[in-house]
Amino acid sequence: MFTYILYALAIIGLAISFFKDRQKTKAALMKAWRSFESILPQVLVIFLIIGFAIAIFPPETIRKLLGAESGVLGVIAAALLGSVTLMPGFVAFPLAAALLKSGAGYMQLAAFVSTLMMVGVVTIPIERKTFGMRATLTRNIAAFFYSLVVAVVMGVVLG
Amino acid sequence: MNEQVKDFSDKTAAKTPEQQAQQNNTAGKIGGQQGNQKKPFLKRYGAFFLLLAAGVVAGMVLPELGKTALDNTLGSFKEMLSVLPPIFILLGLLDVWVDRATMMKYTGKGSGFKGVLIAFLLGSAAAGPLYAAFPFAVVMLKKGSSLMNVLIFIGAWSTTKIPLLAFEASSMGLKFTMVRLALSIVGIPLIAFLTEKALGQSGLEEINTLYDAEPMK
């Protein structure tokens, strides 16, 4: 649904831009392509790695790791798992909901969801090109510990 | 304005040729976007083809695993192709139509709370995977956004995307979503602030060399 809104925005934007200035519109499209192509090699590598990682560690394994009785170790395992994994939200949330039903704890799931979104080990090569290595590592480490705090707070509030 | 069009550039017209040359140089060394563009195809995609070959071998030995992995990979690829085209077109339009002065005014150093709010809302209005946010961050930094605001933008993109929140609420419940959102509203600016502080002067200069931008402090 939201994707359609984005397409509509992009098309309207392009139309207005084309109407106002053809040259600039062409420049914008060139820029769009170059930006996309600049991250493509790393993105393809990420897809392959994640494709295999999820095949090797299926949801079953994840379920065992994150059970409510897994405690602090489970939270840390969940945070690590979320850090190295990359999956779209519409895959991650149904997985998390299924895990919740099959007995995973709120604390573990919050850690998993939060690091999944904020910490990206596999995207470090792309992020490094943007912010440099120092800022990239700092941001990811800060986000990791922040996710642990989120996990504890959510475990207390919801658990 | 016309100069900008001529060199397909996102830099301001005010830049001198020397600066321009210097930037190309730096980008080349660090492996930024422009530098990458000049690298040969095989070198850039080498890692991908190597992994692909390894994957094919693994798939022949363990067909079951190979098939699942292939499905997963193709699934990600399809998602990318469906979501990314409008995102990158909007990125291109942003780059061409919003000039440096405007970007600095609204999200640069000294834009204060307004800048934080704009960065947060821009990131939340996004869709698509986090890796697509980094090209946006590149454009924002080049146009003079403060690092803190760009980090807030990245944080919001990763965590508080509006379509994702709706989805989260439907699968995890409203309470889970709301508590996490409340924590994110505090946490994202906090992480951005801490990251910028932790970098210090030398760290900020390292980023400046990536962009040949005016000093951030």
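In what follows, every chain begins at residue 1, and chains take the letters A, B, ... in the order their sequences are listed.
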task: Mark yes or no for whether A:Arg139, through its side chain, and B:Ala192, through its backbone, hold a donor-acceptor pair below 3.5 Å.
output: no

Residue-level interface, residues 152-160 of chain B with chain A, non-hydrogen cut-off under 4.5 Å: B:Ile154, B:Ser158, B:Thr159

- prompt: With distance as the sole test, does A:Tyr7 use its side chain to make a donor-acceptor pair with the main-chain N or O of B:Ser82 at under 3.5 Å?
  reply: yes

field: Exercise: identify the closest heavy-atom pair between B:Pro86 and A:Leu6
entry: CB-O, 3.6 Å

field: Closest approach of B:Pro135 to A:Ile39 (non-hydrogen atoms, all atoms of both residues)
entry: CG-CG2, 3.9 Å

field: Heavy-atom pair with the smallest gap, counting every atom of A:Arg134 and B:Leu199
entry: NH2-O, 2.9 Å

query: Where do A:Thr130 and B:Tyr211 land on the side-chain contact (heavy atoms from CB on, under 4.5 Å) test, with the steps shown first?
result: CA-CA 9 Å; A:Thr130 309; B:Tyr211 294 100; 3.7 Å; yes

- request: Against chain A, label B:Leu84 side chain, backbone, both or neither, depending on which of its atoms sit under 4.5 Å from a heavy atom there.
  value: side chain

message: Let's test your reading of the structure: which of A:Val45, A:Thr138, A:Leu44, A:Ile11 forms the most heavy-atom pairs below 4.5 Å with chain B?
response: A:Leu44

statement: Ranking A:Thr123, A:Ile126, A:Leu109 by heavy-atom pairs under 4.5 Å to chain B gives rank one to A:Ile126

task: Under 4.5 Å heavy-atom distance to chain A, tell me which part of B:Ala125 shows up: side chain, backbone, both or neither.
output: backbone

- line: Of the listed A:Gly132, A:Ala142, A:Ser17, the one with the largest count of heavy-atom pairs under 4.5 Å with chain B is A:Ser17

field: Side chain, backbone, both or neither of B:Phe136 within contact of chain A (heavy atoms, under 4.5 Å)
entry: neither

message: Quick one, B:Arg44 and A:Gln42 - any side-chain contact, counting heavy atoms below 4.5 Å?
response: no

- request: Specify which of A:Ala53, A:Ala55, A:Gly13 makes the most heavy-atom pairs with chain B at under 4.5 Å.
  value: A:Ala55

field: From CA spacing to verdict: side-chain contact (heavy atoms from CB on, under 4.5 Å), A:Lys20, B:Trp97
entry: CA-CA 11 Å; A:Lys20 282 176 103 170; B:Trp97 287 104; 3.9 Å; yes

statement: So, the part of B:Leu74 with a heavy atom under 4.5 Å from chain A: the answer is neither

4.5 Å side-chain heavy-atom contact, B:Met80 and A:Phe36: yes

statement: In short, A:Phe52 meets B:Gly55 closest at the heavy-atom pair CZ-CA, 3.4 Å

message: If the contact rule is any heavy atom under 4.5 Å from chain B, which residues of residues 145-153 of chain A qualify, in numerical order?
response: A:Tyr146, A:Val150, A:Val153

A:Val157 portion near chain B, given a 4.5 angstrom heavy-atom threshold: both

query: Is it the backbone or the side chain of B:Leu130 that comes under 4.5 Å from a heavy atom of chain A, or both, or neither?
result: side chain

query: For the residue pair B:Leu93 and A:Leu14, what are the closest heavy atoms and their distance?
result: CD1-N, 3.7 Å

Taking every non-hydrogen atom, the tightest pair across A:Ala143 and B:Ile191: CA-CD1, 3.6 Å

task: Can you tell which part of B:Ser184 gets under 4.5 Å to a heavy atom of chain A, answering side chain, backbone, both or neither?
output: both

message: Need one label for B:Thr177: side chain, backbone, both or neither, based on atoms under 4.5 Å from any heavy atom in chain A.
response: neither

message: Check whether A:Tyr106 reaches the backbone of B:Phe176 with its side chain - one donor and one acceptor, N or O, closer than 3.5 Å.
response: no

- prompt: So B:Phe77 and A:Phe47, would you call those rings parallel, tilted or perpendicular, with 30° and 60° as cut-offs?
  reply: perpendicular

